[in-house]
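Each chain gets a letter, A, B and so on, in the order its sequence line appears, and its residues count up from 1. All values below come from the heavy atoms of this structure, side chains included, with hydrogens, waters and symmetry mates left out.
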There are 2 protein chains.
Amino acid sequence: MQENGSNTRKVTTLSDVAKLAGVSIATASKALNGRAQVKAETRERVVSAAEQLNFSPNVLAQHLLSGRSGTVGLVTHDLDGRFSIPTLMGAEDAAGTGNMSVFLCDARGDSLREQFHVQALLGRRVDGLIVVGARPDPRPSLGRKLPIPVVYAYAPSTDPRDMSIVSDNVGGGRLVAEHLLACGRTRIAVVMGDPGYGAAHDRVTGAVQAFDAAGIGMLGGQALYGSWSEEWGRTAAGIVLAQHPDVDAVLCGSDQIARGVLDTLRESGRRVPDDIAVSGYDNWELLALNARPQLTSVDMELETLGRRAAARLFEAIDGTPISGTETLSARLVPRGSTGPLPSTGQHTAARS
Amino acid sequence: MQENGSNTRKVTTLSDVAKLAGVSIATASKALNGRAQVKAETRERVVSAAEQLNFSPNVLAQHLLSGRSGTVGLVTHDLDGRFSIPTLMGAEDAAGTGNMSVFLCDARGDSLREQFHVQALLGRRVDGLIVVGARPDPRPSLGRKLPIPVVYAYAPSTDPRDMSIVSDNVGGGRLVAEHLLACGRTRIAVVMGDPGYGAAHDRVTGAVQAFDAAGIGMLGGQALYGSWSEEWGRTAAGIVLAQHPDVDAVLCGSDQIARGVLDTLRESGRRVPDDIAVSGYDNWELLALNARPQLTSVDMELETLGRRAAARLFEAIDGTPISGTETLSARLVPRGSTGPLPSTGQHTAARS
DNA sequence: CTGAAAGCGCTTACAG
DNA sequence: CTGAAAGCGCTTACAG
């Protein structure tokens, strides 16, 4: 009944195919692999035998010979998070085009666990390794003594000789600040997330570059740091409104923060974007598309990042030396929460 | 410089170890694998040689012999979604305890892609397969002719002879309805998601069972179906308030819907939970914990589900026949959005 | 064009 | 206790 309850069913082997086709196993191999020196008629006989037996070559054996396993290891620290998943999809994508398969290992931020997984993957003779961080800050290198190439994605290695692919947070901050300026906003507050993240400071740095270039200062002279949460967004918006009632834009460090800011603004009777423009970061569609109005955001293009990481890894596997940090541009995604100031009015004061 | 730019570095092999230890490769093998018939002193010499050379046995070769690869394939259809990831984590978890590694393949809802991945995994001689759906509705079987066992997780197979592990949506709906009843609510509206999902109807069915047992009817006599979005939650809450201003609870089909409902209630001046209790489903912490108040929800315990799927798969790999659908109970997570009616009052009417 | 033989890295009876 | 030999499933020179 349950035919696959146990592995008793014998898997067909090349020698089964050869026997059925009435040839040697060497000839069967050549026929199936499209080698030139096989008579057409013989090849056909072998191929049809293989089909008949539903033959699928044992890749493990093939790779024992070739010295390559056709697999890569993906060690992630953030399987539940939203950063590693798109990275991982991009990598799987790039891998899938060839005949690579991906081992997924979740190290959960624990470096012992990471070490354990790396050893296991080495034993499986993966051809290379991609390490995906949970947050964009630099992380310790796996070292340079591994027999296979490694690419660090999202979170770079602290060792500059390693290959890392990261998102440009400075550029992303600049991009969205420039957008707000282009919308005619001049009194722009910055509400950032956890100051323990390098990305938080990078995004502020980028925004300040844009403000400087426009010859205006950040509203209040400095960014408000807190956490990456809606709660903090609500609180921070209250602070901004109290201290700077004439604010005309809030640049937020994440979409979660922006959602909180939007809530407080709405409940204070401020219209978005007419009175105040609001921008997020991450372009997390769940949050951005369900916001009222929909949220202008910055997309780090993590899938591209993952694809790039995999591409670099494959180059390295093919022998091209790789090294250094590659920074990927972010992309602005304008939506309803930002727009030009209404031509009629100055920035209206509180209207509740 | 870049020592791992190409794979030139030769990987140490058991024969290297044997040579260094001055023994045959057979003896080296036995020594490292803890076979009894090896002199302690010899074993020590071999072990230290292995360490010195940083030897890591080629698992591909070992598995060629044993007939098992020590790997399983995880084919998912929802890598970007929130359902497959916890399932996958649970599976990885269960796998990690042994010495299993997991190949991750994203089929993206495309059955051709799925077929392709299954073939590739078969070629890699995985010992078993877990198929994770993107939504809880039944899906076509991969068939019964595969040489390895398969477990369907989250989305069951349509073939009852296959092994499937699913979440109990009827029970979950009943659970949360009972909770609302226990809070003293009697005028309970049900706002469900996309009626194209079996889970939507299942959750309603469970709720109705609880209502029947309590001898009360659903407010309005039927559930409102729409989509799994905040937008729909906002709209639906408006409908409920207009038609049944004396509503005292809203049972929502998802946390997203509940977030929308909460927003409309707040903007209509209704207090949650004093005037109206609100419950979600999924226990998606991002949404549930950031809600005001925090959202009572139902947790499908997807990680447990994944772990269970993997456990069943391993049993099957070990020869135990597996079959049938296993239904996992959901768990109520009470938070601030539900609670007893204030003792002082009846359900207050609109108070805006 | 076809096949016998060697070998990929390992393990396991089987002799010594 | 140790080692030579066979074999896991395949591919690739090398002879015929």
For D/dG3, the nucleotide meeting Watson-Crick or G-U wobble distances (both under 3.5 Å) is C/dC14

Can you tell me if [X] touches the phosphate of [N], counting only side-chain N or O atoms and a distance under 4.0 Å to OP1 or OP2?
| X | N | value |
| --- | --- | --- |
| B/T42 | D/dT2 | yes |
| B/S15 | C/dC10 | no |
| B/S29 | C/dC10 | no |
| B/T27 | D/dT2 | no |
| A/N58 | D/dC8 | no |

Given [options], which nucleotide is nearest the side-chain atoms of [X]?
| X | options | answer |
| --- | --- | --- |
| A/S24 | D/dC1, C/dG3, C/dT11 | C/dG3 |
| A/K30 | D/dA13, C/dT12, D/dT2 | D/dA13 |
| B/A61 | C/dG3, C/dC8, C/dC10 | C/dC10 |

Verify whether one side chain among B/S24 and B/T27 offers a donor that lies under 3.5 Å from an acceptor in the other.
yes

Quick one: do the B/S157 and B/D162 side chains pair a donor with an acceptor below 3.5 Å?
yes

C/dC8 C1' sits how many Å from B/H63 NE2, rounded?
16 Å

For B/L60, answer base if it contacts any base atom (sugar-phosphate contacts may also be present), sugar-phosphate if it contacts only those atoms, and nothing otherwise; contact means non-hydrogen atoms under 4.0 Å.
nothing

Heavy atoms only, 4.0 Å cut-off, all strands: where does B/Q62 land among base, sugar-phosphate and nothing?
sugar-phosphate

Distance in Å, A/I25 CD1 paired with A/S15 OG, rounded so as to fall on 0.5 Å steps
6.0 Å

By nearest heavy atom, map A/I25 and A/A36 onto DNA chain C; which one lands nearer the 5' end?
A/A36

P-based separation of D/dC10 from C/dC1 [nearest Å]
24 Å

